[in-house]
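The block underneath contains the structure these notes are about, expressed in structure tokens.
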Amino acid sequence: MKIENKITEAVRQIVEELYGQPVPEKMVQLQQTRPEFEGQITLVVFPFTKMSHKAPEQTAQEIGQRLAEKLPEVVSRFNAVKGFLNLCISSQQWVALLEEIQQNPRFGFTPVTADSPLVMIEYSSPNTNKPLHLGHVRNNLLGWALAQVMEANGNRVVKTNIVNDRGIHICKSMLAWLKWGNGETPESSGKKGDHLIGDYYVAFDKHYREEVRELVAQGMDEEQAKQEAPLIKEAHAMLVKWEQNDSEVRALWRKMNEWVYAGFDETYRALGVSFDKIYYESETYLEGKEKVEEGLQKGLFYRRDDGSVWADLTSEGLDEKLLLRSDGTSVYMTQDIGTAKLRFQDFPIDKMIYVVGNEQNYHFQVLSILLDKLGFKWGKDLVHFSYGMVELPNGKMKSREGTVVDADDLIATMVADARQMSADKVNRLEGITEEEAQEIARIVGMGALKYFILKVDARKNMLFNPEESIDFNGNTGPFIQYTYARIRSIMRKWEKEQEAGSCPGNSLAPCTLHLAPEDCPSLADREISLIQKLQGFEATVKQAGQDYNPSCIANYCYDLASEYNRFYHDFSVLREEDEKKRTFRIALSAAVGQVIKNGMGLLGIEVPERM
RNA sequence: GGUCUGGUAGCUCAGUCGGAUUAGAGCAACAGCCUUCUAAGCUGUGGGUCAUGGGUUCGAGUCCCAUCCGGAUCACCA
């Protein structure tokens, strides 16, 4: 039983005995004692003063007195300051807690069983006409981390991606390639497929704008020019052919999409994300109409005179929403209804989470209502995991103005910088092969990038300064990774000492920590607060799952690493003469390493054995 | 204009269920610490009207109302 639970239980009994009123569990508020006071756990007694009709300090005294009598093995001393009862917990309790944490490699995680809720997470959702940029990076990292967090909270998770592989934007790239490509391929040019296609998309835009400018110069007004430019007309014609299943257009479309997917796969691999099921819009965009017709028959929607179909959501405080155009074709919302249908056919999901930027908040509000009306049981409380935009120091990311940060460039830069960084510390990596050094650079560079993005509350807009972002000091991924690497170094040395393989060589945790109560070392404040931090991992994971918020795990990891760094500085773990203290500190280090690894793992951040 | 969302140090961000006379980190600036388990580290100094004004109560950065400022959205685009 956890220390907190024991105390909570005892306090409820004591207060009832003293003041004759039952105490709901929530009323017992325990928190970590502030460093300037003696003790480790503090009970807030303000809520009880109404029952006791006594001053806060006196109430605290009374409760403390009884608590010390009732739980002598837990509470060794206490003091009351105003309405705060500070409790000193005996060392054995802390050691026992550490032992518990250390012996459970999955500490903080809820096991997943066959009966666990089935959660589907959709993320990434790229367009196939240009490479991934920084905004996608945020999406992918958040989606992956969220999937890990949901799983850690005892859910079965299916990760999906819906690829937007059709539409006018792809036709633009295709047309430009036909016109100016000279048969260029990823192989012939050495370019990554998605970049190649992206270049043609840009080329189209350049020529298109020239055409528009010329038409305007000839006296046409701009809106009309945009419609009338020969290039855009050609692109539209191509889209029509595509929809008519023209074999030539389809073949080209297929070939170019393959190039893009090969490029995306590379980026996904670098980011360390993957999917269980990929949906393609070209295969799903016609779905949904059926559902809308069904809703129409049930009277959920209505048809206007021009033939278009609408949902009236004014009673929900929203507007009216178009579902089918007057020509019978579907819109974005219709498609999302369609994919929802398909997904439910494929998986009996209990919950659906969409990782999509906050510019679509309204869309998902509407989608939720519509799916609910159409009878999807998870529609009503589908989660739109809505994240903020990434801004650059001089404004937003705009591809037109060339202010995008390309994902592949960014990854390469981060890794190269990490490599440079460790090269500057020659002694660090002596005895390590070039391959190993590269692997460490990859882990550290990616860790820096991922942590930088994930530490920020997802729903807030964040600022990304390309120059300052590559900072490996302070509240960063590498700081946490570095802490881990140092712990591993201690463990390696310790394991070497243990001769003759009494321990499996690769186990992080020392084999045994069993210290009999009378053997318990007296613990320093710093050691106790580390154990308390470790214990907090469980609650942090739960909270992350409840709030759909990976950032609190990132900040937790930083807190834990900071605390450990101070501990590391104050104590010589391996040199400690006292055998009991030494065992305890090694075990504590091992547990910290394990929790850091697990926490960072939830974020999709690897930790290196050395760096 | 309607709806949603944010505003905390020069900059980037934390801040749990409302808890402690003094609201935390990091960056940037300054001053220390490598014969000692990895200095990508540690210690210290300076830097704040928690946008503003009310309210709720033992107690508010946190909850409620109003105002100001920023962002998103309100398409027969996706």
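Throughout, protein chains are lettered first and strands after them, A, B, ... in sequence-line order, and every chain is numbered starting at 1. Note: hydrogens, waters and symmetry copies are ignored here, and every other heavy atom, side chains too, is used.
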B:C11: syn or anti, per glycosidic angle within 90° of 0: anti

Please determine whether a side-chain nitrogen or oxygen atom of [X] lies at a distance below 4.0 Å from atom OP1 or OP2 of [N].
X	N	value
A:Thr49	B:C58	no
A:Tyr568	B:A39	yes
A:Lys321	B:C74	no
A:Arg459	B:U5	no
A:Asn473	B:G41	yes
A:Arg325	B:C77	yes
A:Lys460	B:G7	yes
A:Lys493	B:U38	yes

Touch class at under 4.0 angstrom, heavy-atom based, for A:Phe479 against every strand present: sugar-phosphate

N/O donor-acceptor pair under 3.5 Å between A:Ser308 side chain and A:Arg304 backbone: no

Base versus backbone protein contacts along nucleotides 43-48 of chain B [heavy-atom cut-off under 4.0 Å; B, S, -]: S-----

Stacking of A:Phe46 on B:G59 base (centres under 5.5 Å, planes under 30°): no

Residue A:Tyr482, side-chain atoms from C-beta onward, closest of B:G19, B:A72, B:A39: B:A39

Donor/acceptor link under 3.5 angstrom from A:Thr42 side chain onto base of B:A20: yes

Atom pair CH2/NZ of A:Trp310 and A:Lys321 - distance to nearest 0.5 Å: 8.5 Å

Toward the 5' end of RNA chain B, by each residue's nearest nucleotide, A:Ser489 or A:Tyr362: A:Ser489

Whole-Å distance separating the OH atom of A:Tyr548 from the P atom of B:U16: 20 Å

